[in-house]
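Count residues from 1 along the sequence.
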Amino acid sequence: MNNFWQDLPRPFFALAPMDGVTDVTFRHVVARAVRPDVFFSEFTSTATFFSERGRSSTDGRLAFMPEEQPMVAQIWGTDPEKFAFMARELAARGFAGIDINMGCPIKNVVKIGACSALINTPSLAAEIITATKEGGIPVSVKTRIGFKTIQTEEWLGFLLNQDIAALTVHGRTQREQSRVPAHWDEIAKVVALRDQLAPRTIVMGNGDVANRTEGLQRIKETGVDGIMIGRGVFHDVFCFEPEPRQHTHKELMDLLAYHLDLWEASPHALPFSPLKRFFKIYVRDQHDATTLRAQLMQTESIAEVRQLLHL
């Protein structure tokens, strides 16, 4: 098996999987700004994919282009059989790896025992990991440091004993959601556990990292192999830049125009409304930014956006 994780530069940076955000369109926007080393898909339900009727609804979530490699599909669910089925299909589609979501804290997935709820059912988590390996491509896990309380040694130690290719650690518990600062001291403990239990498993840190500069500092402090940036991309779409600089209004508008072009050209008939969540990325740091963002939120088509911004 070709384990691309071992071939990545050290340190490396990844764009986090974010539902409704990191589709193929936005990943191309980020790549045009500054390309990360690894891309992840939006997280996709194994139950939906397993259903012949529902599978077509996952096509947009799992779409990617060859130039995005290494491309990792993030999936979630509770049934090992469905994980095995989806893993085989994803391998056939050319994904470089599969990441299992064991970290999402949202109530509607937790209440069915999925994502971060798997912290409470380690035996099921182990079955899911084993089943996903049937795809024959590297399997990684993204998780948190505990459910209601911090369980770093118990939970992360358990995962490190499952022979996974990589482990991404979000430095908060499920209960904490995003309400407290990430516990990077706990992520450092995971690195120490890795060195003891699974030296070849890659460890990535995640939580409150705004850009590459901050990420490099966290790497120095904790010893993680890489950094995953999520919400930071909304504050600075150039967050993966090796040497940060101030970007001009024209650069941001050109990037927005590219985003609009991709949105219009998408084969998946994207609705206009979800595009609005991205406007704050591009309209900022100017005297009329607040007013302009408010006006953009009132638009009803890409044509109106172009007219308003003279794109």
Side-chain angles (χ1 to χ4, degrees), residues 1-5 16-20 22-24 38-64 70-144 146-147 151 154-170 174 198 201-202 268:
M1 178 175 66
N2 179 28
N3 185 355
F4 78 91
W5 290 104
M18 291 179 280
D19 192 40
T22 52
D23 61 6
V24 63
V38 186
F39 282 115
F40 287 74
S41 72
E42 299 175 85
F43 50 88
T44 305
S45 164
T46 54
T48 302
F49 191 87
F50 192 76
S51 163
E52 194 168 324
R53 177 177 296 181
R55 193 173 310 156
S56 61
S57 69
T58 67
D59 287 346
R61 287 177 172 270
L62 295 172
F64 73 97
M71 184 71 210
V72 181
Q74 192 186 72
I75 62 179
W76 68 278
T78 59
D79 186 337
E81 179 187 359
K82 293 180 174 65
F83 273 88
F85 174 83
M86 190 169 182
R88 291 190 291 268
E89 292 288 321
L90 293 174
R93 293 189 185 197
F95 281 93
I98 299 171
D99 189 71
I100 304 171
N101 186 329
M102 296 189 183
C104 179
I106 304 302
K107 287 183 179 179
N108 64 340
V109 296
V110 169
K111 70 182 181 182
I112 64 171
C115 297
S116 61
L118 289 167
I119 296 171
N120 295 325
T121 55
S123 60
L124 177 57
E127 287 182 47
I128 286 171
I129 291 170
T130 299
T132 308
K133 290 178 183 178
E134 291 188 25
I137 56 178
V139 173
S140 57
V141 172
K142 184 175 188 289
T143 191
R144 290 177 173 245
F147 194 72
Q151 303 162 256
E154 178 185 357
W155 170 237
L156 279 304
F158 175 82
L159 287 178
L160 286 165
N161 278 318
Q162 304 310 307
D163 189 28
I164 53 178
L167 177 62
T168 303
V169 185
H170 181 89
Q174 183 276 338
T201 297
I202 299 299
H268 301 291

Taking side chain as C-beta onward, heavy atoms only, is [X] less than 4.5 Å from [Y]?
X: Arg88; Y: Glu134; value: yes
X: Asn101; Y: Lys142; value: no
X: Ile75; Y: Phe83; value: yes
X: Leu159; Y: Met102; value: yes
X: Trp155; Y: Phe147; value: no
X: Thr132; Y: Met86; value: no
X: Thr168; Y: Val141; value: no
X: Ile98; Y: Ile137; value: yes

[atom1]/[X] to [atom2]/[Y] distance, rounded to the nearest 0.5 angstrom?
X: Thr78; Y: Ile128; atom1: OG1; atom2: CD1; answer: 6.5 Å
X: Ser140; Y: Ile100; atom1: OG; atom2: CD1; answer: 7.5 Å
X: Leu167; Y: Asp99; atom1: CG; atom2: CG; answer: 9.0 Å
X: Glu89; Y: Phe49; atom1: CD; atom2: CZ; answer: 5.0 Å
X: Thr201; Y: Asp163; atom1: OG1; atom2: CG; answer: 6.5 Å
X: Gln151; Y: Thr143; atom1: CD; atom2: OG1; answer: 9.5 Å

- Going through the distances and angles, do Trp76 and Ser45 end up as a side chain to side chain donor-acceptor pair (under 3.5 Å)? CA-CA 5 Å; Trp76 68 278; Ser45 164; 4.7 Å; no
Heavy-atom pair of closest approach, residues [X] and [Y]:
X: Arg93; Y: Phe64; answer: O-CZ, 3.7 Å
X: Trp5; Y: Ala165; answer: CD1-CB, 3.7 Å
X: Pro17; Y: Ser41; answer: CB-O, 3.0 Å
X: Ala96; Y: Pro138; answer: O-CD, 3.2 Å
X: Asp79; Y: Glu81; answer: OD1-N, 2.9 Å
X: Gly77; Y: Ala114; answer: O-CB, 3.8 Å

Where the side chain of [X] meets the backbone of [Y], is there a donor-acceptor pair that is under 3.5 Å apart?
X: Thr121; Y: Ile119; result: no
X: Arg144; Y: His170; result: no
X: Gln162; Y: Ala126; result: no

- Task: Scan Thr48, Asp19, Thr22 and name whichever one has a side-chain hydrogen bond (donor to acceptor under 3.5 Å, both in side chains) with Arg61.
- Result: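 One option only clears the test, and that one is Asp19.
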- Message: As a quick check of understanding, evaluate side chain to side chain contact (heavy atoms under 4.5 Å, CB included) for Thr130 and Lys133, giving each step before the final call.
- Response: CA-CA 5 Å; Thr130 299; Lys133 290 178 183 178; 5.5 Å; no
- Item | Phe50 and Phe85 aromatic ring geometry - parallel, tilted or perpendicular at 30°/60° bounds |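 Perpendicular.
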